[in-house]
Amino acid sequence: MEREESYELSHFVLIDGNSIANRAFYALPLLSTSAGLHTNAVLGFTTMLLKVLEEMQPTHMLVAFDAGKVVFRHSEFAEYKGGRAKTPPELSEQFPLIRELLDAFSIRRFELEGYEADDIIGTLTRQADESGWKTTVITGDKDMLQLVSDNVSVALTRKGVSEMELYTPKEIADKYGLQPLQIIDLKGLMGDASDNIPGVPGVGEKTALKLLREYGSVEAVLENIDRISGKKLQENLRENVEQARMSKALATIMRDAPVDLDVEQTVYSGYDAAAVTEFFKKMEFKSLLSKVKTAAPKDGGQSGQERAPFSFEVVEGGRTDSYAEKLTSPMALYVEMDGDNYHHAPILGFGLAADGISFYVPYDVAVEWQAFREWLADDTKEKWVFDGKRDTVGLSWHGMEAAGIGFDVYLASYLLNATESNPTLDGVAAQYAEVGVLPDDEVFGKGAKRQVPETSVLSEHVARKAAAIWQSVPKLRDELAQHKLNELLTDLEAPLSLVLAAMEKQGVKINRERLLEMGEELDSQLETLTAKIHELAGTPFNINSPKQLGEILYDKLDLPVLKKTKTGPSTSADVLEKLAPYHPIIGEILHFRQLGKLRSTYIEGLTKEIHAKTGKIHTRFNQATTATGRLSSTEPNLQNIPIRLEEGRKIREAFIPSEAGWYMLAADYSQIELRVLAHISGDENLIDAFRKGMDIHTRTAMDVFGVSEAEVTPLMRRQAKAVNFGIVYGISDYGLSQNLNITRKEAADFIERYFAVFSGVKRYMEEIVKQAKQDGYVTTLLHRRRYLPDIKSSNFNLRSFAERTAMNTPIQGTAADIIKLAMIRMQESIREKGLKSRMLLQVHDELVFEVPEAELAVMQKLVPDVMENALKLDVPLKVDVHYGRTWYDAK
DNA sequence: CCCCTCACG
DNA sequence: ACGTACGTGAGGGGT
């Protein structure tokens, strides 16, 4: 049934706001902004909207919402919608945001006190239908299919909101064999659980459709009950005549609500790109920002992919002189490298930017350009950068020096939102700059497909990065000041990045032969173990495969399944330890695992990372990864070298000083987290214990078990230690019971007794959670901030997790602040005193140095002195120092 | 690319 | 009733 083309200029799109918001909310994971605002329903709504605008080209638009508590149907049927779960707060709080979204898009929204969105849409589609307008209704609610006519189509969202299925009378006939209005009869008979429409018991979709095809309507079915086949069905219908009529009434969408709105008031003529961009930035919809320019702009005309115009220059070899005066201060600098690992990556070129100018200097040009290299090394020329440590270390491998880093956008961005680990420049640009930057993956390609793009693409990309840095700095400075984070950046993270740069470049010397020897020893032991395990199993299999191992243990050997993972029975060490008494194979497997780990991760892994030029390992300390403020270490990770078991600890024998006759010196904080807890909780008992210099676990055991120091047994001390760990992690009886292998009841008992004695700790735990709920974030002593969007979640698991995080983060984060301060002071101290000793590694509560013999005495005193006085707390900090010929011997 | 497991604090 | 201890990174297996 083709309609006249010439009059098809109008297209009215009506959106069922509540239905789409609900769909989007349940289809998408619970996303939130760095400030803790939930946005998943908004994002889903936005995706749907962009799709509708692009595909349907509407000329008129309106979004209808439910309004008011008393819906007119309530008076007719009290239980109506009684079965519907209450709207969760995470969704309710998004409705105002969706209204903002629609305002940003200049789309008319409408609600009417006491009416549902259905009724508004029902009424408006009638009006539109009567005036012969082409109309499309967007909803997730199948009931709406009753509105379909020759003029009106209904698009039902599927799979959340990403796809839509369009229904015209033809599709309804094809799918159900019904006229659109008969959808009401269908609901009247089969009911709808989600709307608490009862329908007729025993009648589902199949039966309802069969009846309607034969009789046409609920009324006709009820008039002909006697002729209907099936005794039980007849009986059900007869007993529920009234309920069937009522159900049909409930399913009927009102078409004459007092909607005081003319369809002409819903004209849609495009959106204001600036308003939408601003809204997306607020919502942190970074991936959608690029689509704003693509969508039909309000000022008409251009569409397509082109980004906002960006102009830049490429500095060529022969013409460097004319650029010399453009090397100003301050200036944004970006060093582009080919690859993530800046200890190995070639440098491709430099991006430079300041007000109104932006240019690209290819590496070859930069090397020959004396004025540029001087500017780079001049610490009076201020540079604004993105990851100054990367630049510093990367350049130093190429014999170039960078100095005068005045602002690091990477670190600033991390401090503003530590939850989003490893800020990217494209992300920062989308949030803080006018100029757009493509993600590196899109420019270079990913994985095996990675390659350096052609020069024109590369140069623009790098120039854009520099421009984005330049434009972001003022806004980042403002935001840092608002959050009281300026000092943390300028006095801690920024200077630390240079300390870390020096440590990474210095590297730690490895005794390759020692690693090789250990590897050969492990090879032979593993061979023996493999043979033994295969014999005990009666068949060869891959011991490294949890799947195959599970089959051997639980199917073939029929051992009891104590714990399951998502994919099958667990074979983790804690489970295997419990199974050890059942079969001799278990002990061998545990041993195999232990040695296998040493071989693959440590012997082979570390050997691969020995730098060809230096014979050292140069890790990278990531300064912007963790949510708590700790560092992390990659390629290789030098913060998880074995120590707990003697066989693994031997790996540390391969970590040696880089100069003959020197020593390795290690200094670690004793109980730093519990001392921090004592300070921030103000617990008198805990403070007292530390001031008296007591063994904290023994003291805890004395207090919790009510015994004297002499009466504390090793078991009591072990349990007290676990309780202390639990306290720091944000204790739960379940977690403690797992750790100590005791019942939950016993664990709960321990916790209760602990809190009775350490009531200040208990008060702190309660207060910090309360404060986190109020502010949406927690902070460390130095104002480092972590947002906890889930702290108010209605989901028990998410909320509990956030609560434990609220308890743990100020403790772990403050301890991280302290050792970072100590590192900066330590580096200063070494320089001031003209010492040759070098700081090499940080392992969360430990610093590792290489020290000439002549400086051993000085360093043994200096290091703990600096570390213990890095920050003044209400309890003393204590540091233990050890030294030896290898890291292993520094114990 | 995800899952499991395990090394560290 | 819910089912986790906090924070990381790496290797091997399997899809």
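A, B, ... follow the sequence lines: proteins, then strands. Residue 1 opens every chain.
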Answer with base, sugar-phosphate or nothing: what part of the nucleic acid does [X] contact at a heavy-atom distance below 4.0 Å?
X: A/Gly730; value: nothing
X: A/Leu598; value: nothing
X: A/Thr809; value: nothing
X: A/Ala815; value: nothing
X: A/Val843; value: sugar-phosphate
X: A/Ala816; value: nothing
X: A/Glu673; value: nothing

Think [X] has a side-chain N or O under 4.0 angstrom from the OP1 or OP2 of [N]?
X: A/Thr567; N: C/dG14; result: no
X: A/Arg644; N: B/dG9; result: yes
X: A/Ser632; N: C/dG9; result: yes
X: A/Thr565; N: B/dC3; result: no

Would you say the side-chain atoms of [X] pair up with the backbone N or O of [Y], donor to acceptor, closer than 3.5 Å?
X: A/Asp683; Y: A/Val761; answer: yes
X: A/Ser570; Y: A/Ser572; answer: yes
X: A/Arg675; Y: A/Pro876; answer: yes
X: A/Gln548; Y: A/Asn542; answer: yes

Nucleotides 10-12 of chain C: which of its N/O atoms have a protein N/O under 3.5 Å away?
unit_1 : atom_1 : unit_2   : atom_2 : d
C/dA10 : OP1    : A/Glu635 : N      : 2.8

Out of [options], which nucleotide sits closest to the side chain of [X]?
X: A/Thr626; options: C/dG13, B/dT5, C/dG7; result: C/dG7
X: A/Phe725; options: C/dT15, C/dA5, C/dT8; result: C/dA5
X: A/Asn797; options: C/dA5, C/dG7, C/dG3; result: C/dG3
X: A/Ala627; options: B/dA7, C/dT8, C/dT15; result: C/dT8
X: A/Ser570; options: B/dT5, C/dC6, C/dT4; result: B/dT5

Give, ordered by number, those residues of residues 738-751 of chain A having at least one heavy-atom distance below 4.0 Å to an atom of DNA chain C; if nothing qualifies, reply none. A/Asn739, A/Arg744
Distance-only side-chain donor-acceptor flag, A/Ser793 / A/Glu90, under 3.5 Å: yes
Between B/dC3 and C/dT4, how many Å separate the two P atoms, rounded to a whole number? 14 Å
C/dA5 to B/dC4 separation - P atoms, rounded to the nearest Å: 13 Å
How long is the line joining [atom1] of [X] and [atom2] of [N], in whole Å?
X: A/Phe655; N: B/dC8; atom1: CZ; atom2: P; value: 13 Å
X: A/Ile589; N: B/dT5; atom1: CD1; atom2: C1'; value: 14 Å
X: A/Lys564; N: B/dC3; atom1: NZ; atom2: P; value: 18 Å
X: A/Ile811; N: C/dA5; atom1: CD1; atom2: P; value: 18 Å
X: A/Gln594; N: B/dT5; atom1: CD; atom2: P; value: 17 Å
X: A/Leu841; N: B/dC8; atom1: CG; atom2: P; value: 16 Å
X: A/Gln812; N: B/dC8; atom1: CD; atom2: C1'; value: 12 Å
X: A/Phe592; N: B/dT5; atom1: CZ; atom2: C1'; value: 13 Å

As a quick check of understanding, evaluate side-chain hydrogen bond (donor to acceptor under 3.5 Å, both in side chains) for A/Ser632 and A/Asn622, giving each step before the final call. CA-CA 5 Å; A/Ser632 79; A/Asn622 200 324; 4.9 Å; no
Identify whether NZ of Lys or CZ of Arg in A/Arg390 sits under 6.0 Å from the centre of the six-membered ring of A/Tyr342 and within 45° of that ring's axis. no
Within 45° of the six-membered ring axis of A/Tyr734 and under 6.0 Å from that ring's centre, is NZ or CZ of A/Arg744 located there? no
Under 5.5 Å centre to centre and under 30° between planes: does that hold for A/Phe796 and the six-membered base ring of C/dC2? no
Centroid distance under 5.5 Å and plane angle under 30°, A/Phe801 vs C/dT4: no
Using only heavy-atom distances, decide whether a donor-acceptor pair under 3.5 angstrom links the side-chain of A/Arg630 to the base of C/dT8. no
Check: A/Ser800 side chain, C/dT4 base, donor-acceptor under 3.5 Å: no
If you define the side chain from C-beta out and look only at heavy atoms, does anything of A/Tyr754 sit under 4.5 Å from A/Ile731? no
Answer yes or no: is there a side-chain heavy-atom contact under 4.5 Å between A/Lys773 and A/Glu803? yes
Please work out the stems of DNA chain C from pairs that are Watson-Crick or G-U wobble with both distances under 3.5 Å, keeping only runs of three or more consecutive pairs. B:1-9 with C:6-14
Would A/Asp387 and A/Lys389 satisfy salt bridge (charged side-chain N to carboxylate O under 4.0 Å, His left out), going step by step from the backbone distance to the final call? CA-CA 5 Å; A/Asp387 194 354; A/Lys389 171 162 71 74; 5.3 Å; no
Could you pick out which residue, A/Gln548 or A/Ala722, lies toward the 5' side of DNA chain C when each is mapped onto its nearest nucleotide? A/Ala722
Give a yes or no on whether A/Arg450 atom CZ has more than 12 heavy-atom contacts from other residues, nucleotides or ligands under 6.0 Å away. yes
Would you call the rings of A/Phe655 and A/Trp887 parallel, tilted or perpendicular if under 30° counts as parallel and over 60° as perpendicular? perpendicular
Over 60° means perpendicular and under 30° means parallel, so tell me whether A/His534 and A/Phe541 are parallel, tilted or perpendicular. tilted
